[in-house]
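Convention: sequence-line order gives letters A, B, ...; per-chain numbering from 1.
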2 protein chains.
Amino acid sequence: MEKLSSRAKLADVARLAGVSSSTVSRVLSHPEVVAEATRQAVMDAVAATGYRMNHAARNLRKGRTGSVVALVPNLGNPFFAKILDGMGRELAAAGYGLLVADTLDGQGRDTALVRFLDPSRADGIILMDGLVSSGHLDAPDQPPVITACEWIEGAALPRVMLDNREGGRMAVQHLLGLGHRHIGLIGGPAQNVLHRSRLQGATEAAQHVRLTVMTGDFTLQAGHAAAQAWIAMPQADRPTGIFAFSDEMACAFVATLVRAGFSVPRDVSVIGFDDIELVSHIAPALTTIRQPKRELGRLAARVILDRIEGREVQPLTLLEPLLMLRETTAPPSPRP
Amino acid sequence: MEKLSSRAKLADVARLAGVSSSTVSRVLSHPEVVAEATRQAVMDAVAATGYRMNHAARNLRKGRTGSVVALVPNLGNPFFAKILDGMGRELAAAGYGLLVADTLDGQGRDTALVRFLDPSRADGIILMDGLVSSGHLDAPDQPPVITACEWIEGAALPRVMLDNREGGRMAVQHLLGLGHRHIGLIGGPAQNVLHRSRLQGATEAAQHVRLTVMTGDFTLQAGHAAAQAWIAMPQADRPTGIFAFSDEMACAFVATLVRAGFSVPRDVSVIGFDDIELVSHIAPALTTIRQPKRELGRLAARVILDRIEGREVQPLTLLEPLLMLRETTAPPSPRP
DNA sequence: GAACTGGTTGCAATCGATTTCAAAGCAGTG
DNA sequence: CACTGCTTTGAAATCGATTGCAACCAGTTC
């Protein structure tokens, strides 16, 4: 019954069903065009042989690969994991595989992109690193590329992202609403697009109060360093409300302060960005701006699928940030 | 100079170089067998046409796919992200792509496996979910499968994993060494292999002291629940040292206790498992058993590559756990 | 009965790279 | 000069599924 040795191919099924391989192929991909009786016979033969299609052959013939590649700056970051999760599911549902690659955050940044910018490697590319140079994106027959989370200034690539400016504004407005009049920012690298938008939103909201900007890079280490800088300031110059551009920085900032004997939110309020799952389960729970990560992945997947299948796509898909009010923000304590 | 319209193929390069396509193919894959002069001419033609190989065609001919699939139980978990990172790099270096898929933690668990258990989809599979049923693994012409992190009891699949039993032992021994005589365990699901090995190690080490086991599932919520259970115990019955089988549970446990007015490690010592990066940057910093995650990914990649390329592999690759001594463990306070 | 219709099916070409086999070229040797 | 041995190259088959085109059949219809 089962033909166990050396994998059945289309022709084998055809022989068993007494039809040509064209017909078998048709039953499998356009069942509606073949007569009921034949279809049944073929299906039986398929079952009997345990036939499974050879993807390489189909891909060669159809000129596609069946997979989409996600290029992330740093796979180790838990933030991306959740996004990939959403992406993976959406793509799987549409019959595509998700190939992940790391741009290795700096060094071979463009190599990774170039490697996949090839219609025989991927049907589409979801770029999540805003720092690759857009110079490679103009050759012909390239698979479609979109950006998610981050984006590339000046490139005409569809974007799927959070309204970062609004997020920045919300964070600062929250601190202002609590009564803070000196806001500290722990930002990202100056050239980073997320940094720039969040900074813009924050600045707009903080127009009439004092603003101190510290440079970071979204990592735990940067949060730690910012805390030490804060501690080193004369007390009168310390911002009473801190807005960190990532939860990791916010977390490390709080921890370093607590370890140095300060208390959050009594001595300083802190608000983060992203809403990584873990930060709501530590003490004190971090107040933060939430990015709908899984949703973002899902939407990015949908957009790349639209592009792959030739449908028109909006140049910009914007997600709304959400303020997660928790325990690290409070009105400033009155100065003695 | 550049032939920009419709992608050059082998035959185009051949025509330009004045040789046959066989020769071009040879220059590209076995350069040593072709004469220096010809090779040079071909290389020039390749450069001039901007030729890039068509992977589908090569894969069809060579009967391989060029990618390896990692099946993870839950892509959203930051723990896996780091492992995938290590895997991705190692595989990329060997010319393979990393395809990730989620087993969706329960529901369609086996579907994902079966979908990829197909030599035309993947050259190899790295299985990181110990709960798929091994029943599918015996058909012929299947790509090689190995397990990483978790494994399947009774299946003869190569394993790459931490010495979980030793990790469990180390954790408990650490608590014992501090003077704790009543140890609490926050475990995983009873059927989970990680749970079983860690439990075994822990039990061995705790032979002569009191041991209280709470069931969890590695998530933050489980840690939270365990904390509430601890709080609800009569004071004399509360374990003074807690060993949680994941950092997330440990974290949530600590946070819930702190929020309820307890202090860690004064009222209870807590040690976690995994050493997720974030837990060393919160206050109090979590004492934990470290798994070398990136290394584990890298090794798993190497093992699957060995299997793919037909080399012999060890049935078991065991990594050593490491005690990360931080701030959540201390000698028990004397009972009043 | 011829012509025409619409629904099914098969033939054969095709996708692009790899590889087997044999031929061609060339040098050295008896 | 014929022959052997070696390197280098090309022609053609191959991997397995898809699809344009043509053939075919059974009904209509005139």
Inset, instruction - Report the C-alpha distance between B:R302 and B:D306 in whole Å, list the side-chain angles of each, state the deciding distance to 0.1 Å, and finish with yes or no for salt bridge (Lys or Arg N to Asp or Glu O under 4.0 Å). - result: CA-CA 6 Å; B:R302 219 167 284 163; B:D306 282 347; over 6 Å; no
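No side-chain donor-acceptor contact under 3.5 Å links A:D12 and A:T49. Side-chain N/O atoms of B:N59 and B:T65 include no donor and acceptor closer than 3.5 Å.
A straight line from CG of A:D118 to P of C:dA17 spans 11 Å, rounded to a whole angstrom. As rounded to whole Å, 12 Å separates atom P of C:dA17 from atom CG of B:L60. D:dG16 atom P lies 9 Å from atom CG of A:D12, rounded to whole Å. As rounded to whole Å, 17 Å separates atom C1' of D:dC15 from atom NE2 of B:H55. When the P atom of D:dA17 is taken as reference, atom CZ of A:R58 falls 10 Å away, rounded to whole Å. Rounded to an integer number of Å, the gap from CZ of B:R64 to C1' of C:dT18 is 13 Å. Whole-Å rounding puts the A:E32 CD to C:dT8 C1' distance at 13 Å. C:dC11 atom P lies 13 Å from atom CZ of A:R15, rounded to whole Å.
The side chain of A:R61 sits closest to D:dT19 out of C:dT18, D:dT19, C:dG16. Candidate nucleotides C:dT19, D:dA17, D:dT19 were compared by shortest atom distance to the side chain of A:L10, and D:dA17 ranks first. In this structure, the nucleotide among C:dT9, C:dT18, D:dA17 sitting nearest to the side chain of B:K62 is C:dT18.
Listed in residue order, the members of residues 19-30 of chain A having a heavy atom less than 4.0 Å from DNA chain C are A:V19, A:S20, A:S22, A:T23, A:R26.
Listed for the A:E90 side chain is no donor-acceptor partner under 3.5 Å among the backbone atoms of A:R298. Judged by distance alone, with hydrogens and angles left aside, the side-chain atoms of A:D123 form a donor-acceptor pair with the main-chain N or O of A:G66 at under 3.5 Å.
Screening A:N164, A:L296, A:L162, A:V160 for a side-chain contact (heavy atoms from CB on, under 4.5 Å) involving A:C149 leaves a single residue, A:L296.
Contact annotation: B:T38 reaches the phosphate of D:dT9 (side-chain N/O to OP1 or OP2, under 4.0 Å). In this structure, B:Y51 does not reach the C:dG16 phosphate: none of its side-chain N or O atoms is under 4.0 Å from OP1 or OP2.
Between A:I152 atom CD1 and A:R159 atom CZ the span is 9.0 Å, to the nearest 0.5 Å.
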